[in-house]
Every structure is written in structure tokens, then in C-alpha cells.
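A short write-up of the structure that comes next.
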Amino acid sequence: MSTQDELRPTLTTEAGAPVADNQNTETAGVGGPALIQDQQLFEKLAHFNRERIPERVVHARGAAAYGTFTLTADVSRWTRAAFLSEVGKQTETFLRFSTVAGNLGSADAVRDPRGFALKFYTEEGNYDLVGNNTPVFFIKDASKFPDFIHTQKRDPYTGSQEADNVWDFWGLSPESTHQVTWLFGDRGIPASYRHLNGYGSHTYQWQNEAGEYFWVKYHFKTDQGIKNLAQDEANRLAGEDPDSHQRDLREAIERGEFPTWTVQVQIMPAEDAANYRFNPFDLTKVWPHEDYPPIEIGKLELNRNPDNVFAEVEQSIFSPGHFVPGIGPSPDKMLQGRLFAYADAHRYRVGINADHLPVNRPHATEALTNSRDGHLYDGRHGRRKNYEPNSFGGPVQTGRPLWASTPVTGATGTHEAPSHAEDDDFVQAGNLYRLFSEEEKQRLVAGLAGFIAKVSADRDDIVERAVENFRKADADYGRRLETAVRELRKQG
Ligand code: HEM
């Protein structure tokens, strides 16, 4: 035995007892069956069987890094959030990028929105902004989300994603036309996680010290520049290097090339909302920049890789319901549904004490609740009382709501989202199409047509409904698409 071997620590069981043989199972005689007293073998096999937790039902595939947010502008007239209180103030962050539809082991270089889930570890608790690389979304009501995702995932019979299901749903959900146009445009396949913008997407509320509130949208503009992959490049890369995005992010940070994003907000005074030309809480719409120009407020830098992917990325949890004082929700019905869905997913996927894990717990303050126990509770509260009110000096409520209350009118009911003066499902899709260069229009139409043409030969009705939505967005868009789809379907 070399001196180096002598210095090595002893391999142990989970209980810390030395392992005598990690190569051979204990058997009854040489070549005989295994013995139940080989507890080391059973412990190893049993633990291995339990290595996986349920993957995220969407956004299962992702990569993450820690970083720093620096405030570069005075925003105190709009929000009293402490981490946004002073120019130059820095806040630790954790950002997880993801694709949406693929499973945990799927490839990175695919046409799909990218998740942009950002945790700010603030001194008033963790603030999560769970956005995408797209400023809009496919649907505008949370009740449609499970149906939508079912069409993106695997068909119950074939076990594959089916063009029939995707285009059936999108054709019957015209509000998706804007986001689908975005997705099949050049930005639909980012070259890496470093080369995309992030958006809060929803409208959120900011409230200032005086109690006034504003509606806000967040934009994170990549300082690396937008870079995308053409469809054929992506197809090749997805096969040759399925981990392309994940590797790119990790290696850039290892090289000390820290990616950064310029953070901007659009601010809408509360009194504008009722009469704005678009419903400002409709997630299928943007606020055109000429209406509410983006204002630069900060810089986000990613500068540290997680040490352990399972502990810090797979078990990380982000919730649109994690707000801090001075920031709150808007009445966007998608956002309202998400306020329930994420924490519920976390309890199922990671467990009731998910918030206690190092990546998830507050880093700049301490969580002081009276919730206790449950699976894998680590006893962190010691002898402290676990009820309130108490007369033992326990934590007390502030009496100050985190965000402003907003007026409501009307009767309860399953209402459609209110429609404002210029609202329809197509106007912004058409505007986006007309913004594209001629080359991008051609790539957009080719991409859409290639996918629509895969709809089953006997379901022309699905094709027609799908094309009709793009026709309504822009006549030229519809015409080109119809021709391209017809050609491809003729070729069979
Ligand atoms: C009502 C609509 C939606 C519902 C019900 C929903 C639900 C979910 C659920 C259950 C997860 C998995 C959470 C987990 O297991 O940790 C998830 C992940 C995610 N969702 Fe949504 N989602 C919705 C819409 C959106 C929208 C509009 C965006 C972006 C603007 C978005 C961005 C994300 C991101 C980025 C993740 C991954 C978070 C992470 O990295 O852990 N989702 N969503």
C-alpha cells in the first residue's frame, strides 16, 4: 500500500461504519446466493432506486448559476422594495434557464421558449421572478394551461409529440397566434442561455413608500447580444451535443466570462390601466415601447456555478408567489393561477420543507414562521414556540400589506378577460410579422409550414384553422403559409 493510499479516508455505510468490501457481494459459499446480512449491498441498491425525484412537469430540463443584481437607477418613486432602495445596492441572485416541453434528458438546442427563473435573495425575503425569454405567452387564462401543455408533451397513445394535437389546440386558441409567431421566428431557437433576453412577461405591481402603486413589466436584455440557431444547425447540435446550452453556461463562468444582462422596466401609472388601448394584464400582449418606454434600472451578472446540480438546480424552487414588500401581483389571470401552481408543485416534487434547502432558503434574512415538522425537517427552530400569538417573544406580524389593494367591480363568474379598444387576438401578431425582415419571414413561414404539414392527411380542418389564425394576423402571412403548407402536403 502506498503512503497516499494510507492517507485516504475509509469508505463507510450511511451509518458511518467502515465498509470492508465494496467489490464483492456477500454470498453463501463461493459462487452461492447472496445473504440478507449483506446490509451494505441492500443500502446501496435501495438508495440508488430512490435517486430521482419527480422532474418538473414543465421546464424539466435546465441549468442555473448564481450571480449578482446591481441597482443602477433610483426607482424609489415606484417601489419601496428594500433591495431596490439605493443606487449601487447589490443582491445575490440565482437564475435557472430551461426549455419547456422536453423531459429532463432532452436536448437543449430545440425550438421552444426558454425559462428565465430568477431568485433575488433580498433582506426582506426571497423575491422570485419566474419568466421566459419571450415577452408574451400562448394563452391568457390559467385554466387552459394543463390542456396546452398536454398538446406539447407526449400523446397518450403514440407516446410522442403530435403535430395534430399541437395545431388542433393552437388553431382553436387564436390568442396563441402572437406567441407562435414569436416562437417560429429567429429567436425561437437561441444559440445558448447567454444569448437570450429574459422577460418577467406578466404585469406586476410596484408600490412606493407613500402607498401609490404602478404596473410594471421587466426586461433583461442580454449584453452578449442575441444569437440564434438556424433550424438545421439546431437539429445537428441537438444530436451531437444535447447539453450544448448547459455546457456553454458552465464553461463561460469557469473561464471567468461572466454573462450580464441590462435590466429595464416599463412603468404604467395605475390610472392608465382602465383605458389603455390593450388590456395591460393580458399575457398574450406586449406594451409597445412607444407607449411605455423601457427604463434602465440595473445589471444582472452570473458569476458562480452551482457545485451540485441535483442539490442546487434540480431541487431549486421558484414561485411567482414569492413577493417582497413593495412588489405584488396584477390581476392577470395567468399569473393568478401560477400563484397557486408553483408552491403546490414544490410540495409534491421536492417536499414540504423544500424552502429549507440551502439554495431555496433566504440568504439575506431568516425565515421566521410557525410552520414545523414534516418530512426531513431538520429541527432548525430548536425549542422556539410554534404558535402565535404568544407571550414568549415570538415573531409578530407587521400589519402592513406587502402590496397595494386594488379596486374591483362586478359579480363573481367565469368571465373572459376584459377587451380594451384595440384588443383582438391578431393585431400584435400581425405587427410582429411585419417587423420581420424578408429573410426572417421566409424562415418563419418555412418553419411553420414544415410543422403544420405534419398534421394527419385526413385532418385538413386542423390545418385550415391553424392557417386561418395567421391569415387574420396578416393577409400576406396567411397567403404564404397556405401555399407552403399546400405544397408540402402535396409532396406527402
Ligand atoms: C397558468 C399558467 C402556468 C402554470 C399553471 C404553470 C405551471 C408551472 C409548473 C407546475 C412548473 C414546475 C414548477 C416546479 O416543479 O418547480 C412550472 C415551471 C416553470 N414555469 Fe410555468 N406555468 C404557467 C405559465 C408560465 C408562464 C406564463 C411562464 C413565463 C412567463 C412560466 C415560466 C416557468 C418557468 C421559467 C418554470 C421553471 C422554473 C424553474 O426553473 O424551476 N410558466 N410552471
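When a ligand or atom number is given, it counts from 1 through the structure's own listing order.
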Can you tell me how the ring of Tyr213 sits relative to the ring of Trp215, calling it parallel under 30°, perpendicular over 60° and tilted otherwise? perpendicular

At less than 4.0 angstrom from any non-hydrogen atom of Phe116, what atoms of ligand 1 do you find? 35 (C)

Tell me: protein heavy atom nearest atom 29 (C) of ligand 1, and distance? Asn132 ND2, 3.1 Å

For atom 21 (Fe) of ligand 1, every protein N/O/S atom that sits closer than 2.8 Å, waters excluded: Tyr342 OH

Counting only heavy atoms closer than 4.0 Å, does ligand 1 sit against the backbone of Ala142, its side chain, both, or neither? both

Within the 4.0 Å heavy-atom shell around Val57, which atoms of ligand 1 are there? 10 (C)

Below 30° counts as parallel, above 60° as perpendicular, anything between as tilted: where do the rings of Phe138 and Trp170 land? parallel

Does the side chain to side chain contact (heavy atoms under 4.5 Å, CB included) test come out yes or no for Ser98 and Arg114, once each step is laid out? CA-CA 5 Å; Ser98 47; Arg114 298 297 185 275; over 6 Å; no

Considering all heavy atoms of both residues, which atom of Asp243 and which atom of Asp108 are nearest to each other, and what is their separation? C-OD2, 3.1 Å

So, is Arg349 polar-close to ligand 1, with some N/O to N/O distance under 3.5 Å? yes

Quick check: closest heavy atoms across Ile327 and Thr79, and the distance to 0.1 Å? CG1-OG1, 4.1 Å

Could you check atom 41 (O) of ligand 1 against the protein and tell me its nearest heavy-atom contact, residue, atom and distance included? Arg56 NE, 2.7 Å

Decide whether the shortest distance between a heavy atom of Phe97 and an atom of ligand 1 is less than 4.0 Å. no

Does Gly337 come within less than 4.0 angstrom of ligand 1, counting non-hydrogen atoms of the residue? no

Which residue is it: Phe120, Phe69, Phe318? I am looking for the one with a ring-ring contact (aromatic ring centres under 6.0 Å, His included) to Tyr127. Phe120

Is the Tyr121 to Phe94 ring centre distance short of 6.0 Å? no

Please indicate whether any nitrogen or oxygen in Ser316 is less than 3.5 Å from any nitrogen or oxygen in ligand 1. no

Between the side chain of Asn208 and the main-chain N/O of Arg77, is any donor-acceptor distance below 3.5 Å? yes

Which of the ligand 1 atoms, numbered from 1, are nearer than 4.0 Å to a heavy atom of Ala345: 10 (C), 13 (C), 14 (C), 15 (O)

Below 4.0 angstrom from a heavy atom of Ser201, which ligand 1 atoms are there? Numbered from 1 as shown, please. 30 (C)

Does the separation of the ring centres of Trp403 and Tyr204 fall below 6.0 angstrom? no

Side chain or backbone, does Arg96 bring an N or O within less than 3.5 Å of an N or O on ligand 1? yes

Of all the non-hydrogen atoms in the protein, which one sits nearest to atom 38 (C) of ligand 1, and at what distance? Ala117 CB, 3.9 Å

Can you say whether the rings of His381 and Tyr377 are parallel (under 30°), tilted (30 to 60°) or perpendicular (over 60°)? parallel

Any N/O pair His202/ligand 1 closer than 3.5 Å: no

Less than 6.0 angstrom separating the ring centers of Tyr292 and Trp287, yes or no? yes

Taking every non-hydrogen atom, the tightest pair across Glu175 and Thr284: O-CG2, 3.5 Å

Using non-hydrogen atoms of the residue, decide whether Gly62 is closer than 4.0 angstrom to ligand 1. no

Numbered in order shown, the ligand 1 atoms found under 4.0 Å of a heavy atom of Leu283 are 27 (C)

How close does the nearest protein non-hydrogen atom get to atom 35 (C) of ligand 1, and which residue and atom is it? Gly131 O, 3.2 Å

Quick check for you: to the nearest 0.5 Å, what is the distance between Leu302 atom CG and Phe258 atom CZ? 10.0 Å

Could you check whether Asn303 and Thr68, counting side-chain N and O atoms only, form a donor-acceptor pair closer than 3.5 Å? yes

